[in-house]
Amino acid sequence: MLKSIVLLLGISAACADEIYRWQDENGKLYFSDKRREGAERLTINPGYSYHRIQYVYDGDTVKLADGRKIRLLGINAPEVEGRDKNAEAGGEEAKRWLTHALKGKRVRLVLDTEQKDKYGRVLAHLLTEDGLHLNLELVRLGWASLNIFPPNLLYSDEMLLAQTEAEKNSRGIWKLPEYRIKPASSLRAGNHRGWQRISGRVKKIRTTRKYVYLALSDHVDFRIERANLALFPNPNSYVGKEVEIRGWLNRSKERYSMLIRHPSSVKVL
């Protein structure tokens, strides 16, 4: 009996369904997730709630029916065309996949350390009622790349494995020519915008009070905030090695720099 009760409670907690309780003529209690005449309906609160999606903006941003705008944590999907932004390769495919995955589904939010970004959007992992982790699945299918911002590290190991698998199997953006690795020596004013994959050999390191800079050439470097250094190998271990860095470049005159927040954005080749 106790085992049956626990099992039914577990089913209800996972699905946010109702269960029913009744007694026979001998006073024995029964529980079921099926409606029965004369049974008492019990509502189990699993500790979280599910939400309907009102709108899908792109592959990493949605709006809930209650009006909250959600930015999917730990990932970056290519842009779709919109006000003040140009479409990126794979953006429509990422949006289409997410829209289809959410059709007729409700989601629950799993929050991390930081709960909102600077734009006021809620930062969350989204899980459907049937257990599909949408952030992770977008990465696994190659329609999003990792974009991990410490201290938000929840699921980062699982997502890194998913991205490695997607790259290995040339899924999604990883098969598109727009996302091929670009040598640091090829950077010019006209080709540095958007999410980039840049390669080069780390030549030297310089430090400031806030950053450690690792130079790939006289005009290209990447930098790591000292506050995040504990997540990385010793920066000196990169010197002399060919690396790939992933992210967005800042340009100042003829110099280019990429802020790296997590080791998943640096790959030793």
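What you see below is based on every heavy atom in this structure, not just the backbone, and it leaves out hydrogens, waters and symmetry mates. Numbers for residues simply follow the sequence, beginning at 1.
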Practice task
For the pair E167 and K267, evaluate salt bridge (Lys or Arg N to Asp or Glu O under 4.0 Å) and give the outcome as yes or no after the intermediate values.
Solution key: CA-CA 13 Å; E167 287 187 66; K267 184 177 180 181; 3.7 Å; yes
Exercise for the section: Compare all side-chain heavy atoms of K210 with those of R226 and state whether any distance is below 4.5 angstrom. Expected result: no
Problem - Heavy-atom closest contact (G59 atom, I75 atom, distance) - result: O-CD1, 4.3 Å
Exercise for the section: Report yes or no: do I70 and V139 belong to one cluster of Ile/Leu/Val/Met/Phe/Trp/Tyr joined by side chain heavy-atom distances under 4.5 Å? Expected result: yes
Completion exercise
Only residue of R108, R52, R106 satisfying salt bridge (Lys or Arg N to Asp or Glu O under 4.0 Å) with E129 is R106
Problem - Side-chain cluster (under 4.5 Å, hydrophobic types only) that L123 belongs to, other residues - result: L73
Practice task
Go through the steps for H133 and Y155 under the test ring pair (Phe, Tyr, Trp, His ring centres under 6.0 Å), then give the verdict.
Solution key: CA-CA 10 Å; H133 183 177; Y155 301 120; 4.6 Å; yes
Exercise for the section: Using the ring of Y57 (Phe, Tyr or Trp, six-membered ring only), decide whether K69 places NZ or CZ under 6.0 Å from its centre and within 45 degrees of its axis. Expected result: yes
Exercise for the section: Check whether the side chains of N234 and S237 place a donor and an acceptor atom closer than 3.5 Å, and report yes or no. Expected result: no
Problem - L259 reachable from L146 in the ILVMFWY side-chain graph, under 4.5 Å edges - result: no
Practice task
Classify the side-chain pair D221/S257 by whether it contains a donor and acceptor separated by less than 3.5 Å.
Solution key: yes
Handout entry: Neighbour count above 12 (heavy atom, 6.0 Å) for N86 CG
Key = no
Problem - Donor + acceptor pair across side chains of R140, N135 (<3.5 Å) - result: no
Handout entry: K85 NZ: over 12 foreign heavy atoms closer than 6.0 Å
Key = yes
Completion exercise
Contacts of K105 meeting salt bridge (Lys or Arg N to Asp or Glu O under 4.0 Å) (sequence neighbours excluded), chain-then-number -> D130
Exercise for the section: May I ask you to decide whether R246 forms a salt bridge with E244, counting only side-chain N to carboxylate O separations under 4.0 Å? Expected result: yes
Problem - Connected via hydrophobic side-chain network under 4.5 Å: Y55 and L138 - result: no
Handout entry: Under 3.5 Å donor-acceptor, Q196 side chain and H192 backbone
Key = yes
Exercise for the section: Evaluate whether atom CZ of R193 has more than 12 neighbouring non-hydrogen atoms of other residues, nucleotides or ligands under 6.0 angstrom away. Expected result: no
